[in-house]
*Asks:* 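This is the structure I want to talk about, given as structure tokens.
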Amino acid sequence: MTPAARISAAIEVLGDIETRRRPASDALKDWGLSHRFAGSKDRAAIASLVYDALRRKASAAWIMGDSSPRSVVLGMLRLQRGLTVEQIAALCSGERFAPEPLTETERERLGSASLDEAPAHVAGDFPDWIAPSLSRLFGEELVPELQALTARAPLDLRVNALKVPTRDEAHDALPHLGAVETPLSPLGLRIAPSEDGRGPAVQAEPEFLKGWVEIQDEGSQLAALLSAVKPGEQVVDLCAGGGGKTLALAAMMDNHGQIYATDNDARRLAPIHDRLTRAGVRNVQVRTPRGKADAVSDLDGRIDCVLVDAPCTGVGTWRRNPDAKWRLRPGSLETRLKEQAAVLDRAASLARPDGRIVYITCSILPEENDDALSSFMERHPGFAPVPVSEVLEAAGLKDLEGSVRPTLHGLQMTPLRTGTDGFYVAVLRRSP
């Protein structure tokens, strides 16, 4: 397919998303099934165009004065891809499979594109109903912070210290991936996003299959490190899911002590078993819930560290899933807040005296972060937040102090400040 034909396809897919109100991944899959002539490179390039258009949906519509799929794609090519009016016009020739030629209005709009007068939710490309929440956190930095969430995310790897002595050794084994060391995590390697949307097949690499590396955003790596778990401790990963942070904790503990990995949804735990084996982890018990039975009730009051990687809206991951921002509704936030309260209350029962809860979300909404913890501490006055400086020092990450955004109870990472997904981390200690 020509570049122009790919743009036509992206416009078609966006029209399907808008008309049928469904996830972008479903629309892209159906388009591929009905256009089997399109190769893998074509499908990847079309997906990249669609996701870039969703990243800049509001701002692209603003500069074009129109929110149709065609206008959003054209505006995105100007704002996100940096194409000139003439370059866009050359792609819109109206010839075989190419979009129709630019109108005079479109040319004028593209030529004078500016977000100077756009409201914050347009310039930052986010739903307007969460603007008050985000303004509480970011203040005058609201727009640049949210604009950073419209960029493509890199692919980060965590080097598994149980299999590889040093990050350098893993780096030297993967020169063909073009990876560089992550600037903040001492365990990370970063692969820059590609222009065509096709990332490297890391999961087919021998080093991945041998458990040398795991795919994990640098922010997630730092969140695990901030737990400061130590060999010999008793740890519960209460929302373990597929086990990403469980694996990181096991490596930090050098397979000494015990980690109990569980999740209230047993289906999420399915991938963890193979991952533990591949990573060489030997100090994890996977506790799969049976019906409504609590899988860790025998551990109440005995745990040094309860990791709560809480269910959340995922606003901090919009770089990776821009489709989600336009599907976020107040009702889904309310549901997540109830889930967070429930899992925090469960964590409180597990923590021993002088034990700690490490609360993590991939959200930048204060309601899911500081507010959730304020409500928790009202219900459980025996817990208090550990100062951020102490959290960083305990984790050996004092250098982060100038990058993260301190909040009332914890710290916030963002693409603008830390180059990571938008992770929130707070540590609460139970009174002795």
*Asks:* Which residue in the set Asp125, Leu328, Asp421 passes side-chain contact (heavy atoms from CB on, under 4.5 Å) when paired with Trp318?
*Replies:*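 The option that passes is Leu328.
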*Asks:* Does either side chain, that of Thr414 or that of Glu145, offer a donor lying less than 3.5 Å from an acceptor on the other one?
*Replies:* yes
*Asks:* Carefully, step by step, assess Leu222 and Leu400 under the rule side-chain contact (heavy atoms from CB on, under 4.5 Å).
*Replies:* CA-CA 10 Å; Leu222 293 169; Leu400 275 182; 4.1 Å; yes
*Asks:* If we only count heavy atoms from C-beta on, is the Trp62 to Ser67 side-chain gap below 4.5 Å?
*Replies:* no
*Asks:* Between CG of Asp323 and CD1 of Ile17, what distance do you get to the nearest 0.5 Å?
*Replies:* 6.0 Å
*Asks:* CG/Leu83 to CG/Leu91 distance, rounded to the nearest 0.5 angstrom?
*Replies:* 6.5 Å
*Asks:* Testing Ile259, Leu249, Val235, Leu247 for side-chain contact (heavy atoms from CB on, under 4.5 Å) with Val284, which one passes?
*Replies:* Ile259
*Asks:* Show the numbers, then the answer: is there a side-chain contact (heavy atoms from CB on, under 4.5 Å) between Leu337 and Glu368?
*Replies:* CA-CA 6 Å; Leu337 294 178; Glu368 299 189 274; 4.0 Å; yes
*Asks:* Provide the closest heavy-atom pair for Leu408 versus Ser374 in the form atom of the first, atom of the second, distance.
*Replies:*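 Scanning both residues, the minimum pair turns out to be CD2-OG, 4.1 Å.
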*Asks:* Can you establish whether the number of heavy atoms outside Arg379 located under 6.0 Å from its atom CZ is more than 12?
*Replies:* yes
*Asks:* Which heavy atom of Thr150 sits nearest to which heavy atom of Arg55, and what is that distance?
*Replies:*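 Between these two residues, the closest heavy atoms are O-CD, 2.7 Å.
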*Asks:* Please report the closest heavy-atom contact between Ala224 and Ala248, naming both atoms and the distance.
*Replies:* CB-CB, 3.8 Å
*Asks:* Give the intermediate values and the outcome of salt bridge (charged side-chain N to carboxylate O under 4.0 Å, His left out) for residues Arg429 and Glu390.
*Replies:* CA-CA 12 Å; Arg429 188 170 297 281; Glu390 292 182 24; over 6 Å; no
*Asks:* Which heavy atom in Leu155 sits nearest to a heavy atom in Pro200, and how many Å separate them?
*Replies:* CD2-CG, 4.2 Å
*Asks:* Count the heavy atoms of every other residue, nucleotide or ligand shown that sit under 6.0 Å from NZ of Lys29, and state whether that count exceeds 12.
*Replies:*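 No, because the 6.0 Å sphere around NZ of Lys29 holds 12 heavy atoms or fewer from other groups.
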*Asks:* Just do the side-chain contact (heavy atoms from CB on, under 4.5 Å) check on Ile7 and Leu77 with the steps written out, would you?
*Replies:* CA-CA 10 Å; Ile7 290 172; Leu77 292 175; 3.9 Å; yes
*Asks:* Any salt bridge between Glu207 and Lys163, counting N to O under 4.0 Å?
*Replies:*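 Looking at Lys163 together with Glu207, the answer is no, because their closest N to O distance does not fall below 4.0 Å.
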*Asks:* Could you tell me whether Arg158 and Glu218 have a side-chain N and a carboxylate O separated by less than 4.0 Å?
*Replies:* no
*Asks:* Taking NZ, NE, NH1 and NH2 as the nitrogens, is one of them in Glu12 or Arg70 under 4.0 Å from a carboxylate oxygen of the other?
*Replies:*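 Looking at Arg70 together with Glu12, the answer is no, because their closest N to O distance does not fall below 4.0 Å.
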*Asks:* How far does OG1 of Thr317 sit from NZ of Lys325, to the nearest 0.5 angstrom?
*Replies:*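 Interatomic distance, Thr317 OG1 to Lys325 NZ, rounded to 0.5 Å: 10.5 Å.
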*Asks:* Could you tell me whether the side chain of Leu28 reaches within less than 4.5 Å of the side chain of Tyr51, counting heavy atoms only?
*Replies:* yes
*Asks:* Quick check against the 3.5 Å criterion: does Arg78 have a side-chain atom that pairs as donor or acceptor with the backbone of Val85?
*Replies:* no
*Asks:* What are the two closest non-hydrogen atoms of Ala120 and Phe126, and how far apart are they?
*Replies:* O-CE2, 3.4 Å
*Asks:* Please walk me through it: do Arg56 and Ser59 pass side-chain hydrogen bond (donor to acceptor under 3.5 Å, both in side chains)?
*Replies:* CA-CA 5 Å; Arg56 302 306 296 268; Ser59 57; 3.1 Å; yes
*Asks:* Counting only N and O atoms by type, is there a donor-acceptor contact under 3.5 Å from the side chain of Gln221 to the main-chain atoms of Gln216?
*Replies:*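 At least one qualifying donor-acceptor pair exists.
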*Asks:* Near Asp300 CG, under 6.0 Å, is it more than 12 heavy atoms from other residues, nucleotides or ligands?
*Replies:*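 Yes, because the 6.0 Å sphere around CG of Asp300 holds more than 12 heavy atoms from other groups.
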*Asks:* Should Asp66 and Arg109 count as an ion pair when the cut-off is N to O under 4.0 Å?
*Replies:* no
*Asks:* Could you walk me through whether Arg336 and Glu367 pass the salt bridge (charged side-chain N to carboxylate O under 4.0 Å, His left out) test, one step at a time?
*Replies:* CA-CA 10 Å; Arg336 295 296 170 265; Glu367 291 89 339; over 6 Å; no
*Asks:* Are any non-hydrogen side-chain atoms of Ile191 and Pro154 less than 4.5 angstrom apart?
*Replies:* no
*Asks:* Evaluate the criterion salt bridge (charged side-chain N to carboxylate O under 4.0 Å, His left out) for residue pair Arg22 and Asp16; output intermediate values, then yes/no.
*Replies:* CA-CA 8 Å; Arg22 60 186 187 142; Asp16 182 32; 2.6 Å; yes
*Asks:* Using a 3.5 Å distance criterion without hydrogens, assess whether the side chain of Gln258 forms a donor-acceptor pair with backbone atoms of Asn283.
*Replies:*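 Here the side-chain-to-backbone pair exists.
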*Asks:* Just how far is it from atom CG of Leu54 to atom CD of Gln80, taken to the nearest 0.5 Å?
*Replies:* 11.0 Å
*Asks:* Determine the sole option in Arg81, Arg43, Arg6 for which the side-chain hydrogen bond (donor to acceptor under 3.5 Å, both in side chains) test with Ser48 is passed.
*Replies:*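 Only match with Ser48 under side-chain hydrogen bond (donor to acceptor under 3.5 Å, both in side chains): Arg81.
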*Asks:* Quick one: pull up CG in Leu373 and CG in Leu344 and give me the separation to the nearest 0.5 Å.
*Replies:* 6.0 Å
*Asks:* Salt-bridged, Asp371 to Arg136, with N to O below 4.0 Å?
*Replies:* yes
*Asks:* Are Arg190 and Glu181 within salt-bridge range, i.e. N to O under 4.0 Å?
*Replies:* no
*Asks:* Do Glu401 and Ser389 get their side chains close enough for a donor-acceptor pair, meaning under 3.5 Å?
*Replies:* no
*Asks:* Taking CD in Glu108 as the centre, count heavy atoms belonging to other residues, nucleotides or ligands within less than 6.0 Å. Is the count above 12?
*Replies:* no
*Asks:* Quick one: do Asp26 and Arg20 satisfy salt bridge (charged side-chain N to carboxylate O under 4.0 Å, His left out)? Show the steps, please.
*Replies:* CA-CA 10 Å; Asp26 291 349; Arg20 298 172 68 181; over 6 Å; no
*Asks:* Are a donor atom and an acceptor atom from the side chains of Ser71 and Ser68 found within less than 3.5 Å of each other?
*Replies:*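 Note: Ser71 and Ser68 side chains meet the donor-acceptor criterion.
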*Asks:* Could you check whether the rings of Phe383 and His380 sit parallel, tilted or perpendicular, using 30° and 60° as the cut-offs?
*Replies:* perpendicular
*Asks:* Any salt bridge between Asp52 and Arg152, counting N to O under 4.0 Å?
*Replies:*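 Arg152 and Asp52: salt-bridged.
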*Asks:* Check whether NZ of the Lys or CZ of the Arg Arg405 lies under 6.0 Å from the centre of the six-membered ring of Tyr424 and within 45 degrees of that ring's axis.
*Replies:* no
*Asks:* Could you walk me through whether Phe376 and Val308 pass side-chain contact (heavy atoms from CB on, under 4.5 Å), step by step?
*Replies:* CA-CA 13 Å; Phe376 168 76; Val308 177; over 6 Å; no
*Asks:* Looking only at non-hydrogen atoms, find the nearest pair between Ile63 and Ala113 and report the distance.
*Replies:* CD1-CB, 3.7 Å
*Asks:* Drop me the distance from Ser135's OG to Ile130's CD1, to the nearest 0.5 angstrom.
*Replies:* 10.0 Å
*Asks:* Quick one: does Asn255's side chain have a donor or acceptor within less than 3.5 Å of a partner on Arg282's backbone?
*Replies:* yes
*Asks:* Check whether any side-chain heavy atom of Leu49 sits under 4.5 Å from a side-chain heavy atom of Val73, and report yes or no.
*Replies:* no
*Asks:* Ignoring hydrogens and angles, state whether a donor on the side chain of Thr418 or Thr420 is under 3.5 Å from an acceptor on the partner side chain.
*Replies:*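 Thr418 vs Thr420: donor-acceptor pair found between side chains.
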